[in-house]
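Excluded from the calculations below are hydrogen atoms, water molecules and symmetry mates; all remaining heavy atoms, backbone and side chain alike, are included.
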Amino acid sequence: MGALLLIPAGGAVAASGLRKEPIPGAVSPAVVRPAGERGALNFLLVGIDPRGSHTKPLADTIVVAHVPSGWKDVYLFSLPRDLVVRIPAFKPSGTAAERAKINAAMALGSRRPNGVYSPRQGVYLLARAVGNVTGIRWFDAAAIVNFGGFKKVVDTMGGVRVPVDQAVVSEHLKPNGRPRDRTADCAKTNTCLRPYVGPQKSYPRSTAPVRFQGWEALDYVRQRYGLPRSDYDRTRHQRQFLKAMAKRAMKRDVTAIVRSAGDSLTVVDGGVRLADWLTVARNLDVRGMTSIDLPGKPLFEGGVYRGEKFPPGVRGFFAAVAEDRVAAFLVDHPKVVTIDR
């Protein structure tokens, strides 16, 4: 969830020594131009459950960070996890093309021999699926962080302060941070829709920034039940945290922050040079980072809910991203997407 700090802190990540494992038949989402060109950059940021290598990972959070040419601004937008898309066939995992919710692309692409799953491999297929939706031809880097890594990063920062724009009640945790009790009929299965009972951690609305510890931050950005716009509210909260974390990171020891995630953070890049990342970091103004809320609505087929879909107008926004003209699009089309405040 906290992978956005790879943008202002990319140099530190590149310096930490990344594993570069070739994936036969995969087209890398990372294509890096020389620093002098200053063309637009696109980053794919993915949050996943902390699952073991024998459990398929699902992309719980999918955020695109677009840096226009000149490397001054940053635009963030999210794809809802339940967005129904066409997921391409993927030779490394042996999976065929299928129509499914986009968060399944990570799981499908992660399949390795002998029942093992690799999120590092899965992000390549997820990048293709996201590219098919958005028209983005490549990503300059992709970052995957699991829940544990997100908590560690927030705590290493000394907490993060974010305004709470609506009241949120936790589905998962008690007020003291411990897991809520499970109902008797759901204690031995994960198929229940609302399996928890008892006291709940709550986050009252507050216009003044609220300081979150790591466990509170993770709990807050995971919540969607009971919110008016469900996952769309949840993804907005996630982007708010990414913005706050990026600002906080610029005031701290960035290297220590990134390393605190340890094995919980995986970066897929295209052989980015440290000098290239530092050039990007020095120019970005994370204080003016723009978070964009994309409109979506339920997709029903035959009276059955299948997932989410974007209205046709969003295609214009995606074209603006791919063609590096987002600022002009936002001015000319103020009703197509919403800028988060």
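- Contact check for Val130 versus Val64: side-chain heavy atoms found under the 4.5 Å cut-off.
- The backbone N or O of Glu171 lies less than 3.5 Å from a partner atom in the side chain of Gln223, making a donor-acceptor pair.
- Counting only heavy atoms from C-beta outward, the side chains of Met289 and Leu76 approach each other to under 4.5 Å.
- Between the side chain of Trp71 and the main chain of Gly39, a donor-acceptor pair closer than 3.5 Å is present.
- The side-chain heavy atoms of Val160 and Phe241, taken from C-beta on, include a pair separated by under 4.5 Å.
- Judged by distance alone, the side chains of His66 and Asp73 never bring a donor and an acceptor atom under 3.5 Å apart.
- Considering Val84, Asn132, Val85 as possible partners of Ile102, the one that fulfils the side chain to side chain contact (heavy atoms under 4.5 Å, CB included) test is Val85.
- Contact check for Ile292 versus Thr290: side-chain heavy atoms found under the 4.5 Å cut-off.
- Between Ile62 and Ser78 the shortest side-chain heavy-atom distance does not fall below 4.5 Å.
- Every side-chain contact (heavy atoms from CB on, under 4.5 Å) that Ala89 has, sequence neighbours left out, goes to Ala97.
- Side chain of Thr61 to main chain of Gly47: no donor-acceptor pair is present (N/O by atom type, distance under 3.5 Å, no hydrogens or angles).
- A distance of 9.0 Å separates CE in Met106 from OG in Ser118, rounded to the nearest 0.5 Å.
- Nearest approach of Gly122 to Ser110, heavy atoms of both residues: CA-OG, 3.4 Å.
- Contact check for Tyr75 versus Val67: no side-chain heavy atoms found under the 4.5 Å cut-off.
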Could you go through Met245 and Val153, starting from their C-alpha distance and side-chain angles, then the distance that decides it, and tell me whether this counts as side-chain contact (heavy atoms from CB on, under 4.5 Å)?
CA-CA 9 Å; Met245 292 173 71; Val153 168; 3.6 Å; yes
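- Ser170 is linked by a side-chain hydrogen bond (donor to acceptor under 3.5 Å, both in side chains) to Asp219, counting only residues two or more places apart in sequence or in another chain.
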Step-by-step side-chain contact (heavy atoms from CB on, under 4.5 Å) determination, Tyr225 to Leu227
CA-CA 6 Å; Tyr225 293 113; Leu227 299 182; over 6 Å; no
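- With rounding to the nearest 0.5 angstrom, the OG1 atom of Thr134 is 7.0 Å from the CG atom of Leu79.
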With side-chain contact (heavy atoms from CB on, under 4.5 Å) as the test, would you mind laying out the steps for Phe43 and Val63 before giving the verdict?
CA-CA 8 Å; Phe43 300 86; Val63 177; over 6 Å; no
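- If you run salt bridge (charged side-chain N to carboxylate O under 4.0 Å, His left out) between Glu216 and each of Lys201, Arg222, Arg161, only Lys201 comes through.
- Taking each heavy atom of Phe310 and Pro80 in turn, the nearest pair found is CZ-CD, 3.6 Å.
- The distance from atom CG of Leu294 to atom CZ of Arg236, rounded to the nearest 0.5 Å, is 13.0 Å.
- Put simply, the side chain of Gln200 never gets that close to the backbone of Val169: no donor and acceptor are under 3.5 Å apart.
- Ile144 and Pro119 make their closest contact through CD1-O, 3.4 Å (heavy atoms, listed as atom of the first residue, atom of the second, distance).
- Salt bridge absent: Asp340 and Lys243 never bring a charged side-chain N and a carboxylate O closer than 4.0 Å.
- Expressed to the nearest 0.5 Å, how far CD of Gln240 lies from OG of Ser291 amounts to 7.0 Å.
- In summary, the side chains of Gln166 and Arg229 do not present any donor paired with an acceptor at a separation below 3.5 Å, with no hydrogens or angles considered.
- When atom types are taken as modelled, the side chain of Asn103 and the backbone of Leu58 share no donor-acceptor pair closer than 3.5 angstrom.
- If you check the side chains of Ser93 and Arg111, you find no donor sitting under 3.5 Å from an acceptor.
- Sorted by first and then second residue, the side chain to side chain donor-acceptor pair (under 3.5 Å) pairs with a member in residues 303-312 read Tyr232-Glu308, Tyr305-Glu308; sequence neighbours excluded.
- In this structure, the side chain of Asn176 engages the main chain of Arg178 through a donor-acceptor pair within 3.5 Å.
- Here the closest heavy-atom approach between residue Pro163 and residue Thr207 is recorded as CB-O, 3.8 Å.
- Formation of a donor-acceptor pair under 3.5 Å by the Arg180 side chain with backbone atoms of Gly198 is found in this model.
- Scanning for side-chain hydrogen bond (donor to acceptor under 3.5 Å, both in side chains) contacts around Arg234 gives Asp60, Asp231, with sequence neighbours left out.
- Applying the salt bridge (Lys or Arg N to Asp or Glu O under 4.0 Å) criterion to Lys152, with sequence neighbours excluded, gives no partner residue.
- Using a distance-only test at 3.5 Å, with no hydrogens or angles considered, no donor-acceptor pair links the side chain of Arg239 to the main chain of Phe77.
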Name each donor-acceptor pair under 3.5 Å that joins a side chain in residues 314-331 to protein atoms two or more places apart or in another chain, with its distance.
unit_1: Glu323; atom_1: OE1; unit_2: Arg325; atom_2: NE; d: 2.6
unit_1: Glu323; atom_1: OE1; unit_2: Arg325; atom_2: NH2; d: 2.9
unit_1: Asp324; atom_1: OD2; unit_2: Ser69; atom_2: N; d: 3.2
unit_1: Asp324; atom_1: OD2; unit_2: Ser69; atom_2: OG; d: 2.8

Taking it one step at a time, do Asp155 and Met157 satisfy side-chain contact (heavy atoms from CB on, under 4.5 Å)?
CA-CA 5 Å; Asp155 285 333; Met157 288 181 170; over 6 Å; no
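- Smallest separation of non-hydrogen atoms from Ala244 and Val162: CB-CG2, 3.6 Å.
- Checking side-chain atoms of Arg112 against main-chain N and O of Tyr117 turns up no donor-acceptor pair under 3.5 Å.
- Looking only at side-chain heavy atoms (C-beta outward), His237 and Asp165 come within less than 4.5 Å of each other.
- Taking every heavy atom of both residues into account, Gly109 and Phe90 meet most closely at O-CE2, 3.6 Å.
- Residues Pro88 and Leu125 meet the side-chain proximity criterion, which asks for heavy atoms closer than 4.5 Å.
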